[in-house]
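Model, not experiment: these values are computed from the prediction. Order of appearance sets the numbers: ligands from 1, and atoms from 1 within every ligand.
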Amino acid sequence: METSIFTVMSQMALEYKAINLSQGFPNFKSDPVLVDLVTKAMNEGYNQYAPMAGDMGLREAIASKIERTASKRYNPNTEITVTAGATQAIFTAIAATIKKGDEVILFTPAYDCYQPTIELFGGVAVPIQLQAPNYAPNWDEVAERITLSTKMIIINSPHNPSGMLFSESDMLQLENLVDKHNLLVISDEVYEHIIFDGAQHQSAAMFPKLASKTFITASFGKTFHNTGWKVGYCVAPEPLMKAFQNVHQFNVFSVNHPVQKALATYLQNPENYLGLSRFYQEKRDFFLDLLKKSRFSILPSQGTYFQLLDFSAISSEGDIAFAERLTKTLKVATIPTSVFNANKEDFKQIRVCFAKTNETLEEAAAILNKL
Ligand code: PMP
Ligand code: GLN
């Protein structure tokens, strides 16, 4: 397996002292209230193993949050597991279900951990290419690619790297196919609270037949500005969650206890996540306004904290060469998008992360505008 592009680009940014708009993480602080809650939990002695499925208070807070946002109740006793970030949730869901020869449909550009994990367990990734600028899925094509070996479909909305959202109609078409062919789903919803322009997040939890076949994976790192804490969760109906926990107990057993205690309290207040869309929409708009006169063509971003920039008017280089040159000589690190695609041809888009202070975005835009 190749080294993850996020490691490669963040290291390059460090080495060349470039502004790092590559790996997706905020460069501002997590809420001090939340940080204090972690310290409090440590001082209160929550420094030993958490229960295998996660702190019960946090599982209850997750259940209440999903009930509030998607009108679906997951049972905190049997249908929720707190994980070491969404990466571990995705890994464990695949490990629990995919065996040699199983086909897993995914949409490319795809987040980088899906395919290697599928292959690690002998599965076969079946990539379906989404097309710029809208990256909308073609459900007829998905139907055509389903075979007797298809076991699972992985979806990711809001989508990394494009910022595309699945519509209600997308989810209904997915639900139809999943029901008809008896498939499983991983719905990677880590950016569920970062949705722009008044759109609604369409969680798999909102579609009953779909939810009955789906592992939903989520990440507190994205929602509460602390990607380094690596705490997330998976929810799924009881039989799926049982299989998930069979793996989870020997994969990681349980995850960071004081952080779970703190999140259990913090998550109970919806104000702590409901303002996130507005916060990031302002960042997106601030950054795009700065880039208005640049020669990049700006693709639509409906959610996430990422923005795709098309550089065809600037250079005929491949995206990897372009991103390397940008980092080494112009001192702005970004992510070349070809690495998210199954056919490694050159794409003319780079991904930038705008989860940065306005000063950082201004500095970066001043450089990008010179190209
Ligand atoms: N899925 C997607 C689409 C992501 O962008 C990320 C990471 N940022 C993850 C999963 C992994 O999340 P975590 O950092 O919580 O492991
Ligand atoms: N999800 C983050 C991104 O897309 C990176 C996470 C990681 O470094 N593995 O940039």
Can you find an N/O atom of Asp188 closer than 3.5 Å to an N/O atom of ligand 1?
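Yes, Asp188 has an N/O under 3.5 Å of an N/O on ligand 1.
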
Any N/O pair Asn160/ligand 1 closer than 3.5 Å:
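Yes; at least one N/O pair falls below 3.5 Å.
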
Run the contact test for [X] against ligand 1 with a 4.0 Å cut-off on heavy atoms, strictly below, and give the result.
| X | result |
| --- | --- |
| Lys230 | yes |
| Tyr191 | yes |
| His159 | no |
| Val190 | yes |

Is the centre of the [X] ring less than 6.0 Å from the centre of the [Y] ring?
| X | Y | answer |
| --- | --- | --- |
| His225 | Phe279 | yes |
| Tyr191 | Tyr280 | no |
| Phe25 | Trp229 | no |
| Tyr266 | Tyr273 | no |
| Phe6 | Tyr111 | yes |

Heavy-atom nearest neighbour in the protein, as seen from [atom], with distance rounded to 0.1 Å:
| atom | result |
| --- | --- |
| atom 9 (N) of ligand 2 | Tyr111 OH, 3.4 Å |
| atom 9 (C) of ligand 1 | Tyr111 CE2, 3.5 Å |
| atom 8 (O) of ligand 2 | Gln23 NE2, 2.6 Å |
| atom 8 (N) of ligand 1 | Lys222 NZ, 1.9 Å |

Find all atoms of ligand 2 within a distance of less than 4.0 Å from any non-hydrogen atom belonging to Phe306, and give their numbers and elements.
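Result: 3 (C), 4 (O), 10 (O).
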
List ligand 2 atoms under 4.0 Å from Lys222, heavy atoms only on the residue side.
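Those atoms are 1 (N).
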
Under 6.0 Å from the CZ atom of Phe28, do we count more than 12 heavy atoms belonging to anything else shown?
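Yes - once you tally the heavy atoms of other residues, nucleotides and ligands closer than 6.0 Å, there are more than 12.
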
Over 12 non-hydrogen atoms of neighbours within 6.0 angstrom of CD in Glu362
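For Glu362, atom CD is crowded (more than 12 foreign heavy atoms under 6.0 Å).
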
For ligand 2, which part of Asn160 has a heavy atom less than 4.0 Å away: the side chain, the backbone, both, or neither?
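Under 4.0 Å from ligand 2, Asn160 contributes side-chain atoms alone.
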
Could you tell me whether Lys230 approaches ligand 2 through its side chain, its backbone, both or neither, with non-hydrogen atoms closer than 4.0 Å?
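Neither; no heavy atom under 4.0 Å.
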
Go through ligand 1 atom by atom and flag the ones less than 4.0 Å from a non-hydrogen atom of [X].
| X | result |
| --- | --- |
| Gly85 | 15 (O), 16 (O) |
| Ala86 | 10 (C), 11 (C), 12 (O), 13 (P), 15 (O), 16 (O) |
| Asn156 | 3 (C) |
| Ser219 | 13 (P), 15 (O) |

Polar contact flag for Phe6 and ligand 2 (N/O pairs, less than 3.5 Å)
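Looking only at distances, the answer is no, because the N/O contact criterion of under 3.5 Å is not met.
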
May I ask you to check if ligand 2 and Ser4 share an N or O to N or O distance below 3.5 Å?
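No, Ser4 has no N/O under 3.5 Å of an N/O on ligand 2.
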
Return yes if a side-chain donor-acceptor contact under 3.5 Å exists between Gln173 and Ser169, otherwise no.
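Per modelled atom types, Gln173 and Ser169 side chains form a pair under 3.5 Å.
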
Just go through Ile186, Thr87, Thr217 and tell me whose heavy atom is the nearest to atom 16 (O) of ligand 1.
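Going through Ile186, Thr87, Thr217 one by one, Thr87 has the nearest heavy atom to atom 16 (O) of ligand 1.
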
Taking His201 as the fixed residue, which of Glu189, Glu192, His193 is the one that meets the side chain to side chain donor-acceptor pair (under 3.5 Å) rule?
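Of the listed options, the one satisfying the test is Glu189.
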
Can you list the steps and then say if Phe207 with Leu172 is a side chain to side chain contact (heavy atoms under 4.5 Å, CB included)?
CA-CA 8 Å; Phe207 301 84; Leu172 289 169; 3.8 Å; yes

I'd like to know whether Leu309 forms a side chain to side chain contact (heavy atoms under 4.5 Å, CB included) with Ile298, so could you lay out the CA-CA distance, the side-chain angles of the two residues, the decisive distance to 0.1 Å, and finally the verdict.
CA-CA 5 Å; Leu309 300 176; Ile298 290 164; 3.8 Å; yes

Evaluate the ring-ring contact (aromatic ring centres under 6.0 Å, His included) criterion for residues Phe91 and Phe121: first the C-alpha distance (whole Å), next the side-chain angles of each, then the deciding distance (0.1 Å), finally the verdict.
CA-CA 10 Å; Phe91 186 95; Phe121 293 97; 5.4 Å; yes

Lys283 to Phe287 six-membered ring, cation-pi geometry met (6.0 Å, 45°)
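Geometry flag: not set, cation outside 6.0 Å or 45°.
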
